[in-house]
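Written out below as structure tokens is the structure these notes cover.
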2 protein chains.
Amino acid sequence: MTSAASRKGGRARDERLERDIPEATIARLPVYLRALTALSERDVVTASSEELASAAGVNSAKLRKDLSYLGTYGTRGVGYDVNYLRYQIAREIGLTQDWSVVIVGIGNLGHALANYAGFASRGFQVAGLVDNDPARVGEKVGDLTISSFDDIDAIVSNAAVSIGVIATPASAAQDVCDRLVAAGVSSVLNFAPAVLTVPDYVDVRKVDLSIELQILAYHEQRKANGAAELRASLA
Amino acid sequence: MTSAASRKGGRARDERLERDIPEATIARLPVYLRALTALSERDVVTASSEELASAAGVNSAKLRKDLSYLGTYGTRGVGYDVNYLRYQIAREIGLTQDWSVVIVGIGNLGHALANYAGFASRGFQVAGLVDNDPARVGEKVGDLTISSFDDIDAIVSNAAVSIGVIATPASAAQDVCDRLVAAGVSSVLNFAPAVLTVPDYVDVRKVDLSIELQILAYHEQRKANGAAELRASLA
DNA sequence: AAGAGTTTGTGAACGGGAGAACAAAATCGC
DNA sequence: GCGATTTTGTTCTCCCGTTCACAAACTCTT
Ligand SMILES: NC(=O)c1ccc[n+]([C@@H]2O[C@H](COP(=O)([O-])OP(=O)(O)OC[C@H]3O[C@@H](n4cnc5c(N)ncnc54)[C@H](O)[C@@H]3O)[C@@H](O)[C@H]2O)c1
Ligand SMILES: NC(=O)c1ccc[n+]([C@@H]2O[C@H](COP(=O)([O-])OP(=O)(O)OC[C@H]3O[C@@H](n4cnc5c(N)ncnc54)[C@H](O)[C@@H]3O)[C@@H](O)[C@H]2O)c1
């Protein structure tokens with residue numbers, strides 16, 4: 001009873017759709033993609049798992065195992081064809097199509113995000129900027145104009161937005177999230193320091209500067225304590 | 001042979017310094033801290049692991065196990081004293097002292113970070129803003145003035161900066177990182193989409209918007225495929 | 001054509017973290 | 001004072017992810 005044999009439906013499908021790619025692997029694929037793009041720009045044609053792994057900052061065994069979930073795209077004794085692998089990873093992640101995003105909360109951070117060129121270059125189109133401050137509505141940011149929060153349903157359905165970015169204060173985050181979900185968004189990237197509750201089918205990822213700093217602080221403290229202990233033991 | 005008995009040195013130390021707190025736990029402590037602060041502001045005196053866990057968005061068993069690494073700060077049948085636990089977590093993370101940070105690269109993102117109030121409120125002091133663009137040096141951002149990149153050594157040593165934030169383009173990130181480390185920084189928070197190489201004693205954490213979006217895109221694609229398959233099987 | 005040299009793909013061992021479950025410890029009611 | 005109730009702290013089991021190690025598969029040289 002292999003997983004291929006027990007596939008539901010019985011519809012013939014020899015494509016590699018028997019996917020159960022581990023979440024940890026998914027999170028690394030974009031890193032590999034970036035490394036491949038850099039190699040491609042330097043006109044490198046093939047790369048070994050060792051070279052790729054070093055460019056991506058991971059162990060080569062891990063990289064090979066990660067890639068093996070996608071298929072057997074390498075050639076033993078040779079390595080991986082840079083452009084071919086790049087295309088396969090992009091396709092797997094879903095970057096062969098464009099994705100529309102809407103940014104909610106155009107304050108300090110929202111402005112930076114709206115001006116960020118790295119969005120479009122990776123296939124993410126900013127389809128709308130939304131803020132509930134009447135003083136902000138109408139303001140131009142780059143090519144876009146800030147819309148009222150009430151326009152969110154129209155923006156989401158017109159542009160087929162599936163990803164919402166929340167850059168409002170934490171106190172507004174859950175409300176904004178609910179409205180986004182009601183409008184049809186099914187993925188949320190949250191910059192506000194708040195825990196969001198969403199229906200099962202909605203994915204949420206958070207970016208939390210404050211948590212990152214606190215983790216660094218913890219390790220700094222440990223290093224400092226270790227150094228202090230060392231000094232004490234030498235005294 | 002308990003871990004307490006085998007502690008190195010033999011120096012009596014009944015404080016709970018037998019720490020080997022799992023990294024996954026460390027990453028959640030700031031979330032608990034935030035939940036506790038919110039409860040404290042609502043004058044809640046005690047909270048059960050169930051209540052805390054729900055506020056933090058985790059499983060209560062996981063929360064209890066996490067807290068047990070710090071010590072036995074709860075009371076069976078009652079719960080946790082909010083303020084007491086808050087202090088203990090803050091102490092464990094190292095937030096009872098202030099930390100100085102320097103931000104390098106004051107462009108779109110750097111400006112947002114420099115203006116961010118959430119820094120100081122959690123005990124992180126921005127000790128300096130640095131940019132290598134001569135046109136930017138001297139510009140005021142909030143209370144601070146942008147310094148030249150050459151001043152970095154002075155800033156780091158004068159303010160005892162241990163944490164550096166990199167918000168430059170990816171192409172400059174490794175150079176900037178090297179300079180930060182040379183100046184004495186031992187923790188780095190990197191916003192640039194680049195893999196950084198550092199000595200062992202330096203901690204690096206990265207915040208990568210593009211990766212987060214790509215992970216969301218992958219799941220969006222899967223959801224879309226699943227829906228398509230469902231429609232096909234019904235047809 | 002065959003042997004030497006490379007490098008992939010994967011089986012297997014290992015380690016760490018998640019969650020269920022429960023005994024221990026505290027409070028409360030009477 | 002004691003049983004009922006609540007809730008913690010911890011043990012145990014399971015699962016996921018990492019890493020090692022090596023056979024299989026490919027190229028290159030002679
Ligand atoms: N600025 C940073 O560098 C930074 C860093 C990390 C995290 N954050 C977090 O990102 C979020 C935004 O930070 P910021 O500095 O840009 O804050 P900000 O106050 O500058 O901007 C918030 C914006 O959200 C808008 N807003 C408020 N409620 C809204 C609602 N219900 N609907 C739509 N828009 C609404 C406000 O009008 C404002 O324009 C905060 O949660 C903050 O904690 C910011
Ligand atoms: N803007 C965003 O919302 C956003 C989001 C995610 C990631 N990022 C990443 O953050 C980084 C900064 O983005 P940005 O939009 O602020 O870019 P930016 O071009 O607006 O700012 C970069 C700044 O870094 C300075 N700089 C360049 N080289 C330097 C050096 N060697 N030393 C010191 N300063 C130097 C430049 O003078 C400029 O002021 C980029 O790597 C970008 O990919 C930005």
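Computed from a predicted model, the values in this text were never measured in an experiment. Numbers restart at 1 for each chain; the letters A, B, ... are given by sequence-line order, proteins then strands.
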*Any side-chain N or O of B/Tyr80 under 4.0 Å from OP1/OP2 of C/dA26?*
no

*Modelled atom types, side-chain donor and acceptor of B/Asp178 and B/Gln174, under 3.5 Å*: yes

*Backbone of B/Ser60 reached by a side-chain donor or acceptor of B/Glu50 within 3.5 Å*: no

_Return the CG to CZ distance between B/Leu113 and B/Phe191, rounded to the nearest 0.5 Å._
5.0 Å

*Nearest whole angstrom, please: distance from the C1' of C/dT8 to the CG of A/Leu85.*
13 Å

_Short side-chain to backbone donor-acceptor contact, B/Ser40 and B/Thr37, under 3.5 Å_ = no

*Are any of A/Tyr69's side-chain N or O atoms less than 4.0 Å away from OP1 or OP2 of D/dC16?*
no

*From B/Arg86 CZ over to B/Leu95 CG, what is the distance, rounded to the nearest 0.5 angstrom?*
11.0 Å

_B/Asp208 with A/Arg34: basic N within carboxylate O range, under 4.0 Å_ = yes

*Strand contacts (DNA chain C) in residues 47-66 of chain A, 4.0 angstrom heavy-atom criterion*: A/Ser48, A/Ser49, A/Arg64, A/Lys65

*Which letters describe nucleotides 23-30 of chain D, given B = protein heavy atom under 4.0 Å from base, S = only from sugar-phosphate, - = neither?*
-BBBS---

_Length of the line joining A/Leu67:CG and C/dT10:C1', which is rounded to integer Å_ = 13 Å

*Rounded to whole angstroms, how far apart are CD1 on B/Ile21 and P on C/dG17?*
12 Å

*asked:* A side-chain contact here means heavy atoms from C-beta on lying under 4.5 Å apart; do B/Leu29 and A/Gln214 qualify?
replied: no

*Flag, side chain of A/Glu41 to backbone of A/Ala38, donor-acceptor distance under 3.5 Å*: no

*Could you give the CD-to-C1' distance, from B/Glu23 to C/dG16, as a whole number of Å?*
12 Å

